[in-house]
Amino acid sequence: MNPLGVAVVPPEERASPFARFDLPRLLLVVVCVAIGIFLILPIFIVIPISFSSAKFLQFPPPGWSLQWYQAFFSSPAWMNALKTSATIAVPTTILATLLGTAAALAMIRSKFPGATLINAVIMAPLIVPLIIAACGIFAVFRIWGLIGTIGGLILAHTALAIPFVVVTVSASVRTVDQRLEQAARGLGASPLVAFRRITLPLILPGVLSGALFAFVTSLDEVIVSLFISTAQVRPLAVQMWSDVRGAIDPTIAAVSTLLFGFSLGVLLLVSLMRRPSR
Amino acid sequence: MATTRQLADQPEVGALAPTSLGRMRLGTTALVLPASLFLLITFVYPVGLLLLRSVSFPTWGIENYATIFQETIYLRVLANTVVISGAVTLITLLLGYPYAYLMATGSPLTQRAMAFVVLVPFWTSILVRTYAWLVLLQRRGLVNRTLEWSGLITEPLDLVHNRIGVYIGMTQVLLPFMVFPLFAVMSRIDRSHLQAASNLGAPPTQVFIRVFLPLSLPGVIAGVLLVFILSLGYYITPALLGGPRDIMIAQLIQEQIGEFGEWGIGAALATVLLIGTVLLAALLNRFIKLDRIWGGQT
Amino acid sequence: MSSGSGIPAAVAGHGDLQIRNLRKTYSNVIAVDDVSLTVHQGEFLTLLGPSGSGKTTTLMMIAGFVPPSGGTIVLGGRSLTVLPPHKRDIGMVFQHYALFPHLTVAQNIAFPLEMRSLRKSEVERRVQAALDLVRLPDFGARYPRELSGGQQQRIALARAIVFEPSLLLMDEPLGALDKKLREHMQLEIKTIHHDLGVTVIYVTHDQEEALVMSDRIAVFNHGKIEQLGSPSDLYDRPATPFVADFLGESNFIPATVTAVEMHGLRLRYDRADLVANVAPAVAVGDNVTVTVRPEKTLILPVEAPGSERIGRENWICGTIADVVYLGESRKYLVHLSGGVTLIARQQATSIDMPMLQPEQEVVVGWHANDCVVLPGQSEAGAEVTSAGAEAREMTTRGVA
Ligand SMILES: Nc1ncnc2c1ncn2[C@@H]1O[C@H](COP(=O)(O)OP(=O)(O)O)[C@@H](O)[C@H]1O
Ligand SMILES: [Mg+2]
């Protein structure tokens, strides 16, 4: 009867006779389904292409094969890129999670002079356009001799990943009642023990999603990596970038499918971890 | 008596007192140092150095700014950037508003499902998404083939390597950033306000226009600012899906520095972009705390 | 204060709200269970009951925000059940006022008038009249957040009546105010009700508020109406232990009927013989509950001369367990010999009235007219008592 039967009648009542002939709402649902399709369906297109038997990009695929996965796993360039990405992403994740978690604890748990400034420094990578970061880091890393090194890529990726860890962990630190830790201290636990036995287990889901966030940030990062990588040290995303730009070869569909599957897995993991804290 | 003493020992009261709790407090504060120092060295310093080059390269002075604000090629890119960002912001608003509305007023199950749909692209590598669009939108791509097959067109349309491609790609990438703040604000609108309007005689459309819409305005402003800010500095999607006439400022910076070694011009462009971004971000921060946007995705 | 039950049948009819067999079930809860009720035109009727008893749900069904699972609602001969909320023409004051935060006070009050397409000058005139009525004539330009709780309450009231609805619903409108202001607003709402002659359905869980304001009260419990009647009906002749306990304080004494007489009953509790001047449908040998209000009792030391006992038919012996000093009165907890604890309240008529002490042997007496006999003897009685106490406690907390 009205799009606001919606808002006026509580959601539990939606299935009632009141909402039965609700044309505007039906239209709204149709529009939203279309938007949903626009958001995710294009991504799924890479899956059938990756299993295509054609020699070049063709849709629908004339037949099915695993040739592009074979091509991916037997290509030295791709395998090298995969290895490079893993070598960068794992240390980045550890470093960013440690630094970010510590910073989040401090920022939520204590007030200190200059907090606004420090907050700005830590959140800067979220605001500063990546192209600016990339040029700046490129300039400095040239001076420091870090271009084309694994170490350089780790440092750059860690910088970009820290704020994501901080926001994720902050959100869960906020939900933990600080008096729990104080109670543990009152019962004789040292500060470290109180943190490890009480606070850490409670914020662990947040820390883990922060770590996943950091890992994905490193894996997917393109722009900064483009500037500071070389043909020898070239992460997966940069390899993909040059392939997407160049000839369209379905190997990239196979890589995309693998990455997409990985993202979906991460997303499910993150939403599973969030649930208990809600 | 005992109670008073215990109270005095509470950290809220004696935050920096030299008690053991006070020391712990200082220890906690110190935890912010490693990350801050790390970012100062690997992020703030590099960005600062870049900005400095806008006035120091090749020689000291403001010629670089004079150049970018006088020569048409630069001005055209600046204009392009604002126009494309504005258009993308408008499109995401038009799509995001109904989406967030249904999400905010739907059952918990609808809400979960719709949030998931927005989060999938959010978590998927931008290269994967852009590649998918390339496949779909090219002249022999799925979209053109479907349209031809259905008889709607006889000649394939140019959907990519032009403005259309940029709009489609960027809209998909940035729509989540419109939906999150809109949803956050809409879901906090008290239903009793809508009931009151209805009770006072407002038909559904009036309830929407006169009560829901104004109450959702902070979310609209936040979403618009956020998407606009992110669009301004966008690089990958316009670079891959756009054509030579759709160059945005980020591509120009990349070209100047990465290809021509024109550090001065590139840095001046970067400074302009950063100033715009920071000003808008400061404005945005008044409507919605930035960390809430990234922190509240599920 | 007019007595609602006294509205002549001839007047009742055209403007009445008739609720028949109204039900609302959620997947696993029965929120409202077969409620039937007629609210007369111009009447002030209160739905009173503990939290969760279905008052709000009933009100929301009348306003049209909750579709009933069954039953009918008819206002002035017109069925409301199929009308959407905005066509019902019912004023409502929401629990937390629901003033539009983005509109000024004047715009809030003008809202229903604009929805009815009134001329601009007429809107302005009526808005000002409504502001005058709630005695905030100069507040039109403010925003709701710039008002105190009491002022917001008045604006919400002004907005609900400015379009002259024939029925006004109020859901715990004073719940968020402190005690002083509540009492003041109670009187003000009564005055406005009187002046406008609008029918009011008022929801509260505060029994005092209900007693002060209402023509009639419907006591809700578990989605049902336990009793419907004027305040004095409910207070003096409660039909169930729940009502006796929820409105004011009550003592419950289990007893056995020993004789049924023309105008009353003879009963026995422990070693005491009691009389009650009521005649409910009970027979000799039945187990019943005698209820008596603490303030209707007289408490005397056992050694008091017999002359002081004259005039009260019922006397029970006991021991004082506790004394609570309440300023204008004293409250005694008395352990009766049969194991029941009784509450007796005495006005402090003069300062030097002797205070009875704990452990003292006493007798507690009351008139045969001052007790009500309820059928059945309750384990349930005890349960109801605690539920009532809880509800009262909540009322108190609500005030704080
Ligand atoms: N939307 C709903 N979904 C499920 N149960 C509800 C809903 N609304 C009310 N109830 C239940 O119905 C009962 C009556 O609620 P309500 O009418 O709000 O009581 P009151 O206003 O007297 O406190 C309660 O048990 C409550 O939990
Ligand atoms: Mg209620």
Side-chain angles (χ1 to χ4, degrees), chain A residues 2-4 6-8 11 28 31-32 35-36 39-40 42-43 45-46 59 99-100 102-103 105-107 109-110 112 118 121-125 127-129 131-133 135-137 139-140 155 159 162 167-168 170-171 191 220 222-223 237 240-241 244 252 256 259-260 263 266-267 271 274, chain B residues 24-25 28-29 31-32 34-36 38-40 42-44 46-47 49-50 95 98-99 102 105 107 117 119-121 123-125 127-129 131-133 135-136 142 172 175 191 194-195 198 204 207-208 212 233 235-236 240 250 253-254 257 266 270 273-274 277 281 290-291 294-295 298:
Chain A
N2 57 49
L4 280 166
V6 184
V8 173
L28 182 66
V31 167
C32 288
I35 295 171
L39 278 174
I40 56 174
I43 310 174
I45 192 87
V46 301
F59 200 90
L99 294 174
L105 278 167
M107 288 163 71
R109 284 284 172 91
S110 62
F112 46 89
I118 290 196
V121 168
I122 287 181
M123 294 299 157
I127 317 275
V128 175
I131 189 72
I132 297 178
C135 293
I137 291 173
V140 172
L155 290 181
I162 284 175
V167 290
T168 322
S170 297
D220 290 347
V222 187
I223 305 176
M240 276 183 81
W241 166 267
V244 171
I252 195 158
S256 294
L259 274 180
F260 181 45
S263 312
V266 168
L267 174 55
S271 42
R274 291 259 172 124
Chain B
M24 193 175 101
R25 203 89 308 216
T28 312
T29 305
L31 287 174
V32 81
S36 323
F38 186 93
L39 283 168
L40 274 177
T42 59
F43 195 90
V44 177
V47 169
L49 190 77
L50 176 71
L95 298 181
Y99 194 89
L102 185 66
T105 57
S107 69
V117 167
L119 285 169
V120 168
W123 279 91
T124 308
S125 155
L127 283 176
V128 172
R129 280 181 281 168
Y131 172 70
W133 281 123
V135 171
L136 280 172
L142 190 59
Q172 190 210 23
L175 193 53
R191 183 158 48 234
L194 311 176
Q195 289 181 332
S198 176
V207 176
F208 179 77
F212 191 91
Y235 176 72
I236 296 176
L240 291 178
I253 295 172
Q254 187 276 332
I257 292 177
L273 173 59
L274 190 63
T277 306
L290 282 175
D291 56 342
W294 277 275
T298 35

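A, B, ... follow the sequence lines: proteins, then strands. Residue 1 opens every chain. Bear in mind that the values here come from a model prediction, so they are computed numbers and not experimental data.
Closest approach of B:A132 to A:I43, counting heavy atoms only: CB-CA, 4.2 Å. For the residue pair A:I122 and B:A35, the shortest heavy atom distance occurs at CD1-CB, 4.4 Å. The nearest pair of heavy atoms linking B:W133 to A:P42 is CH2-CG, 3.4 Å. In terms of heavy atoms, A:A106 sits closest to B:L31 at CB-CB, 4.0 Å. Contact detail for B:V117 and A:I40: the closest heavy-atom pair is O-CG2, 3.5 Å. Minimum heavy-atom separation, A:S263 to B:T124: OG-CA, 3.7 Å.
Only the side chain of B:L240 has a heavy atom closer than 4.5 Å to any heavy atom of chain A. Interface residue B:Y99: backbone and side-chain heavy atoms are both found under 4.5 Å from chain A. Using a 4.5 Å cut-off between heavy atoms, B:V120 contacts chain A through both its backbone and its side chain. When heavy atoms are compared at a cutoff of 4.5 Å, A:V128 approaches chain B by way of both its backbone and its side chain. Of the two parts of B:L142, only the side chain, counted from C-beta on, holds a non-hydrogen atom closer than 4.5 Å to a non-hydrogen atom of chain A. When heavy atoms are compared at a cutoff of 4.5 Å, A:L155 approaches chain B by way of both its backbone and its side chain. Only the side chain of A:V266 comes within less than 4.5 Å of a heavy atom in chain B; its backbone stays farther off. For B:I236, the parts sitting under 4.5 Å from any heavy atom of chain A are the backbone and the side chain alike.
Interface remark: of the candidates B:V44, B:L40, B:V32, B:V32 forms the most heavy-atom pairs closer than 4.5 Å to chain A. The choice from B:L102, B:T277, B:T42 that makes the most heavy-atom pairs within less than 4.5 Å of chain A is B:L102.
In this structure, CD1 in A:I132 is found 4.5 Å from CG in B:L274, a value given to the nearest 0.5 Å. Residue B:Q254 holds its CD atom at 7.5 Å from SG of A:C135, rounded to the nearest 0.5 Å. Distance check: B:R129 CZ to A:L259 CG gives 12.0 Å after rounding to the nearest 0.5 Å. Rounded to the nearest 0.5 angstrom, B:I257 CD1 and A:I131 CD1 are separated by 7.5 Å.
Within the 4.5 Å cutoff, the side chain of A:D220 has no heavy atoms near those of the B:L127 side chain.
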